[in-house]
Novice: 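Input: one structure, supplied below.
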Amino acid sequence: MFPLKKIFSTIFKSNVKKLHTSSSLYDAVIIDGNKIAKDIKEELKSDINAWVNTGNKRPKLVAILVGENPASQTYVQRKMKSASYVGIESYSIRLGENTSQQTLLENINSLNEDPSVDGIIVQLPLPKGLNEKEVCQAISPKKDVDGFHLENIGNLTLDNKGIIPATALGVKELIVRSNIETFGKHAVVIGRSKHVGLPIALLLHADGNGATRGLDMTTTICHIHTPPEQLKQMTKLADLVVVATGIPGLITQEMIKPGACVIDVGINRIKDKNSDKHILVGDVDYENVKKVAGYITPVPGGVGPMTVTMLLKNTFSVAMKNLNQERHLENIASEIR
């Protein structure tokens with residue numbers, strides 16, 4: 001017979017070996033945001049063509065760009081190009097760096113009152129001196145396809161019908177279309193911004209039978225001031241980690257439970273040590289985390305394309321809703337006559 005001490009030692013070493021190699025069992029599935037976005041755009045293109053062919057007005061999206069921020073200019077061009085591809089009429093209004101708050105609000109109000117315009121976006125960030133919160137609230141909630149207006153955020157909070165912020169909706173679509181199990185699972189969202197982190201957390205947490213068709217997850221919200229050890233404790237328990245902080249490499253391999261899904265919303269421009277060129281990276285140490293994660297999004301090519309696509313989907317949804325309201329009002333007027 002073997003001594004108990006030797007038996008326990010053998011079992012312990014065996015378990016350590018299993019724990020050590022368990023992470024290597026996962027070769028993360030790369031969630032291809034470009035492909036999923038392309039699939040959704042093809043669906044949208046087909047739906048919009050059918051919509052227009054039955055005699056309905058083509059949806060229209062207008063973007064306001066203030067200043068000369070190169071990244072913002074690129075984002076707006078990409079949105080306009082994607083809108084054109086799916087069959088949404090679009091154009092952009094460009095205002096100078098020194099545009100006043102009043103002038104910007106007047107442009108927004110003009111679009112609010114234009115019945116031909118279905119969706120309005122103001123590209124963020126705005127130049128210094130402009131009040132971003134006031135600008136977001138100035139857009140009619142019915143045309144706020146970014147989903148930033150307090151009425152739309154409030155509807156999301158209460159699980160009512162409304163326009164869901166595009167990035168949050170994009171994250172949800174990535175998860176759903178990748179067939180990732182969410183019911184009753186634990187999600188950790190790192191980032192509490194009112195436009196990204198909070199809406200994502202609300203959508204993950206919401207009842208799947210509710211108006212927003214949430215993902216029924218138990219959701220924890222952390223942020224950049226969560227102490228590192230506490231953050232690690234949280235993420236190690238998570239089946240799904242979504243990070244949106246703007247801190248390159250914040251999420252490392254030892255913070256992730258083997259097999260978990262990692263969604264990286266961060267977009268950071270840094271200098272590559274090897275080439276000395278600037279590259280885009282996320283908030284996740286991608287090369288190492290993908291060795292332990294079950295699913296992971298790359299940067300670029302993950303959440304970014306989905307945000308643009310969901311903006312277009314929101315625009316088409318608004319156009320359909322507007323037409324239904326117009327017809328309802330026409331029916332009421334007809335009955336009165």
Side-chain angles (χ1 to χ4, degrees), residues 27-54 56 58-61 63 74-90 118-119 121 145-147 163-183 185 187 196 199-200 203-204 206 208 211-217 240-242 244 260-267 280 282 284 286 290 293-321:
D27 185 11
V29 174
I30 309 303
I31 300 176
D32 189 343
N34 282 322
K35 182 183 183 305
I36 295 174
K38 183 179 178 181
D39 290 343
I40 296 173
K41 282 193 282 190
E42 292 300 328
E43 294 167 10
L44 268 175
K45 185 177 182 179
S46 177
D47 290 343
I48 291 171
N49 283 338
W51 166 265
V52 173
N53 288 338
T54 55
N56 295 307
R58 190 172 294 281
K60 182 186 286 188
L61 172 67
T74 300
Y75 292 147
V76 169
Q77 288 172 3
R78 190 178 302 162
K79 291 170 183 176
M80 298 298 100
K81 183 177 179 180
S82 294
S84 177
Y85 179 79
V86 301
I88 293 175
E89 182 183 345
S90 65
D118 298 295
I121 57 173
V145 289
D146 265 328
I163 303 174
I164 298 173
T167 298
L169 197 55
V171 168
K172 177 192 170 185
E173 284 291 322
L174 286 176
I175 295 167
V176 171
R177 291 183 182 239
S178 299
N179 297 312
I180 295 166
E181 186 180 355
T182 59
F183 188 84
K185 299 294 185 178
V196 180
I200 290 172
L203 199 52
L204 296 179
T212 62
R213 310 298 291 177
L215 297 185
D216 284 304
M217 303 191 79
L240 171 71
V241 174
V242 182
C261 176
V262 180
I263 306 290
D264 191 350
V265 186
I267 301 178
L280 290 179
V284 175
Y286 179 78
K290 73 177 182 179
Y295 296 83
I296 191 169
T297 59
V299 175
V303 176
M306 293 298 292
T307 298
V308 175
T309 303
M310 293 301 103
L311 183 73
L312 304 179
K313 191 169 184 176
N314 281 345
T315 301
F316 183 42
S317 296
V318 167
M320 290 190 292
K321 185 177 180 181

Novice: What pair of heavy atoms forms the shortest contact from Ile121 to Lys79, and how long is it?
Specialist: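 Closest approach of Ile121 to Lys79: CD1-CD, 3.8 Å.
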Novice: Determine the minimum heavy-atom distance between Leu61 and Ala83, stating which atoms define it.
Specialist: CD2-CB, 4.5 Å
Novice: Is it true that a side-chain atom of Arg58 and a backbone atom of Val52 form a donor plus acceptor pair closer than 3.5 Å?
Specialist: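 No, Arg58 side chain to Val52 backbone: no donor-acceptor pair under 3.5 Å.
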Novice: If you measure from CG on Leu215 to NZ on Lys172, what distance do you get to the nearest 0.5 Å?
Specialist: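 So the CG of Leu215 and the NZ of Lys172 are separated by 6.0 Å.
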Novice: I'd like to know whether Asp216 forms a side chain to side chain contact (heavy atoms under 4.5 Å, CB included) with Thr182, so could you lay out the CA-CA distance, the side-chain angles of the two residues, the decisive distance to 0.1 Å, and finally the verdict.
Specialist: CA-CA 7 Å; Asp216 284 304; Thr182 59; 5.6 Å; no
Novice: Under a 4.5 Å cut-off applied to non-hydrogen side-chain atoms, are Ile175 and Leu240 in contact?
Specialist: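 The answer is yes, as the side chains (C-beta and beyond) meet within the 4.5 Å cut-off.
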Novice: Identify the two heavy atoms, one from Ile36 and one from Ser178, that lie closest to each other, and give their separation to 0.1 Å.
Specialist: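 Heavy atoms only, the tightest pair is CD1-OG, 4.1 Å.
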Novice: How long is the gap from CG on Asn34 to CG on Asp39, to the nearest 0.5 Å?
Specialist: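 Here the interatomic distance stands at 11.0 Å.
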Novice: What's the verdict on side chain to side chain contact (heavy atoms under 4.5 Å, CB included) for Tyr286 and Ile30, showing C-alpha distance, side-chain angles and the deciding distance?
Specialist: CA-CA 11 Å; Tyr286 179 78; Ile30 309 303; 3.2 Å; yes
Novice: If we ignore hydrogens and angles and just use 3.5 Å, is the side chain of Asp264 paired with the main-chain N or O of Ile296 as donor and acceptor?
Specialist: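 Absent.
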Novice: One pair to check against side chain to side chain contact (heavy atoms under 4.5 Å, CB included): Val242 and Leu204. What are the steps and the verdict?
Specialist: CA-CA 10 Å; Val242 182; Leu204 296 179; 4.2 Å; yes
Novice: CE/Met306 to CD1/Ile31 distance, rounded to the nearest 0.5 angstrom?
Specialist: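 Those atoms lie 10.0 Å apart.
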Novice: Using side-chain heavy atoms (C-beta onward) and a distance below 4.5 Å, is Ile40 in contact with Met310?
Specialist: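 Side-chain contact under 4.5 Å: yes.
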Novice: Looking only at non-hydrogen atoms, find the nearest pair between Pro59 and Thr315 and report the distance.
Specialist: CB-CG2, 4.4 Å
Novice: How long is the span from the CZ atom in Phe316 to the CG atom in Asp118, to the nearest 0.5 Å?
Specialist: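 Output value for this atom pair is 10.0 Å.
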Novice: How far does NZ of Lys45 sit from CD1 of Ile88, to the nearest 0.5 angstrom?
Specialist: 12.5 Å
Novice: Provide the closest heavy-atom pair for Val262 versus Ala293 in the form atom of the first, atom of the second, distance.
Specialist: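 Minimum heavy-atom contact is CG2-CB, 4.0 Å.
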Novice: Give a yes or no answer on whether the side chain of Arg213 reaches the backbone of Gly208 with a donor-acceptor pair at less than 3.5 Å.
Specialist: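 Yes; at least one donor-acceptor contact below 3.5 Å.
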Novice: Taking it one step at a time, do Lys185 and Ile180 satisfy side chain to side chain contact (heavy atoms under 4.5 Å, CB included)?
Specialist: CA-CA 10 Å; Lys185 299 294 185 178; Ile180 295 166; over 6 Å; no
Novice: Keeping the roles fixed (side chain from Ser317, backbone from Lys313), state whether a donor-acceptor pair exists under 3.5 Å.
Specialist: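 Checked: pair present.
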Novice: Looking at every non-hydrogen atom in both residues, tell me the closest pair between Leu174 and Gly33 and how far apart they are.
Specialist: CD2-CA, 4.0 Å
Novice: Supply the atom-to-atom distance Thr309 OG1 to Glu42 CD, rounded to the nearest 0.5 angstrom.
Specialist: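 Rounded to the nearest 0.5 Å, the OG1-CD separation comes out at 10.5 Å.
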